[in-house]
Amino acid sequence: MPTIPPTAQTPGPSTGPSPGRRPRTVLAMDPPVRDALFDAATLERLAAVADTDPALVVRDFADPAHAEALERAEALLTGWGCPMLTAAALERMPRLRAVVHAGGSVKHHVTDACWERGLVVASAAAANARPVAEYTVASVLFAGKRVLEARRAYRERRGPVDALALLSGAGNHRRTVGVVGASRIGRRVIELLRPYDLDLLLHDPYLPAGEAARLGARPVSLDTLVRSSDVVTLHAPELPETRHLFDRDRLALLRDGATLVNTARGALVDTAALTAELVSGRLYAVLDVTEPEVLPADSPLYDLPNVLLTPHVAGSLGNELGRLAHAALDELERYGRGLPFAEPVRAEDLHRSA
């Protein structure tokens, strides 16, 4: 890998940016994403930490109208919808040294060409992990209370429901929750679940010895986790080796009445196999992501009473987007002051991240 240009390293007194410098920055994302991320106060802060035109939002690096701005850019502030940073795109940005992403994963736009150029990259993934973990924890607790089953009964009867009889096996006392993947989100889920009266299991093949216990969970093999858990929640990255990690055979290991929560990636689960299990009524599921990302209109998952299906909303939405914007601006400000990123993205870590 080529040597990182001096301005992209942790700068020294004479080679890096001076404290308080406002790097020339271009926004690259879908325009509606810019509008959602930056309110008046956040735009004011953006102007304070970066030399930028917030009205200019690049959606196509090859657009001649953006050529001058890209040629002068030292940093890109990216968001959802950012074009791929291919070698050809980077040729149009000879001064580019840093990419700061106001979102989670950078896999959709950061390519090998970025590392070959020696760019430094940061992401607001840690900030985006918080609402996903909160959604997951709500799903786990609702699953234990058998909320879907209670809703169905109340809606059908439209009168008194004998909850003691109907939900005799419900509750979150000493339930076992299995967390698949010690990612940022997986770790945050464990942290948030620790105060509850639950038994927490964790599987992650990359987890150092003793780390699970430090987090507050018991490390187990994946199949042991699946067999033992009342609720299984997925937080593993989408990799070739994790595709259909939950296939027909592994789904069959789940206890009758168990709940599968997926807020990670749809490809972790064999949709056809899961659909068959859910149609049978044996399992419950909370699915914020699926494969394909938008299910066909005739998918039974839209209507099954034992399924809570949402359109990829667990991540940052609404007022949570301000947290992403400020996290990204924190990094851009650090760069301008000559400091290393607080949440850097490294090439060697991408193969194990979402």
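The first residue of the sequence shown is numbered 1, and numbering continues consecutively from there. All values reported here derive from a predicted model rather than from experimental measurement. Both backbone and side-chain heavy atoms feed into the values below; hydrogens, waters and symmetry mates do not.
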Heavy-atom neighbours of Tyr196 OH exceed 12 at 6.0 Å: no
side-chain hydrogen bond (donor to acceptor under 3.5 Å, both in side chains) partners for His244, two or more places apart: Glu291
Verify the distance criterion only: is there a donor paired with an acceptor across the side chains of Thr78 and His101 at less than 3.5 Å? yes
Identify all side-chain donor-acceptor contacts of residues 27-40 below 3.5 Å with residues at least two apart in sequence or on another chain.
{"unit_1": "Asp30", "atom_1": "OD1", "unit_2": "Arg59", "atom_2": "NE", "d": "2.4"}
{"unit_1": "Arg34", "atom_1": "NH1", "unit_2": "Pro54", "atom_2": "O", "d": "2.6"}
{"unit_1": "Asp39", "atom_1": "OD1", "unit_2": "Ala41", "atom_2": "N", "d": "3.3"}
{"unit_1": "Asp39", "atom_1": "OD1", "unit_2": "Thr42", "atom_2": "N", "d": "2.8"}
{"unit_1": "Asp39", "atom_1": "OD1", "unit_2": "Thr42", "atom_2": "OG1", "d": "2.5"}

Given Asn172 and Lys145, is the side chain to side chain contact (heavy atoms under 4.5 Å, CB included) satisfied, shown in steps? CA-CA 7 Å; Asn172 285 306; Lys145 293 291 284 188; 3.7 Å; yes
Before accepting this row, confirm whether a basic side-chain N of the pair Glu343/Arg184 lies closer than 4.0 Å to the acidic partner's carboxylate O. yes
List for me each residue that meets side chain to side chain contact (heavy atoms under 4.5 Å, CB included) alongside Ala133, sequence neighbours excluded, and say none if there are none. Ile185, Arg188, Val189, Leu192
Just how far is it from atom CZ of Arg97 to atom CG of Leu119, taken to the nearest 0.5 Å? 8.0 Å
Can we say Glu74 and Arg21 salt-bridge, meaning some charged N sits less than 4.0 Å from an Asp/Glu carboxylate O? yes
Go through the structure and list residues passing side-chain hydrogen bond (donor to acceptor under 3.5 Å, both in side chains) with Arg152, not counting sequence neighbours. none
Would you call Arg255 and Asp230 a salt bridge, using N to O less than 4.0 angstrom? yes
Residues in side chain to side chain contact (heavy atoms under 4.5 Å, CB included) with Asp256, at least two apart? Arg282
With rounding to the nearest 0.5 Å, note down the distance linking CG in Asp199 to OG1 in Thr176. 4.5 Å
Under the criterion side chain to side chain contact (heavy atoms under 4.5 Å, CB included), I'd like the reasoning laid out for Thr275 against Val279: C-alpha separation, chi angles, the key distance, then a yes or no. CA-CA 6 Å; Thr275 300; Val279 167; 4.0 Å; yes
List the atom pairs, donor and acceptor, that lie under 3.5 Å between side-chain atoms in residues 80-94 and the rest of the protein, sequence neighbours left out.
{"unit_1": "Thr86", "atom_1": "OG1", "unit_2": "Ala89", "atom_2": "N", "d": "3.2"}
{"unit_1": "Arg92", "atom_1": "NH1", "unit_2": "Ala88", "atom_2": "O", "d": "3.3"}

Side chain to side chain contact (heavy atoms under 4.5 Å, CB included) against Ala285, all qualifying residues, sequence neighbours excluded: Leu278, Leu287
Side chain to side chain contact (heavy atoms under 4.5 Å, CB included) partners of Leu251, counting only residues at least two apart: Phe246, Leu254, Leu260, Ala273, Leu274, Glu277
Of all pairs that satisfy side-chain hydrogen bond (donor to acceptor under 3.5 Å, both in side chains), the ones with a partner from residues 299-328, not counting sequence neighbours: Arg45-His326, Asn128-Ser316, Tyr135-Thr310, Asp288-Thr310, Glu293-His312
Return the CZ to CG distance between Arg157 and Asp162, rounded to the nearest 0.5 Å. 8.0 Å
Among all residues two or more places apart in sequence or in another chain, which pass the ring-ring contact (aromatic ring centres under 6.0 Å, His included) test with His203? none
Residues in side-chain hydrogen bond (donor to acceptor under 3.5 Å, both in side chains) contact with Asp60, at least two apart in sequence or another chain: none
Distance in Å, Leu332 CG paired with Arg337 CZ, rounded so as to fall on 0.5 Å steps: 11.5 Å
So, using side-chain hydrogen bond (donor to acceptor under 3.5 Å, both in side chains) as the criterion, who are the partners of Asp197 when residues are at least two apart? His173, Arg174
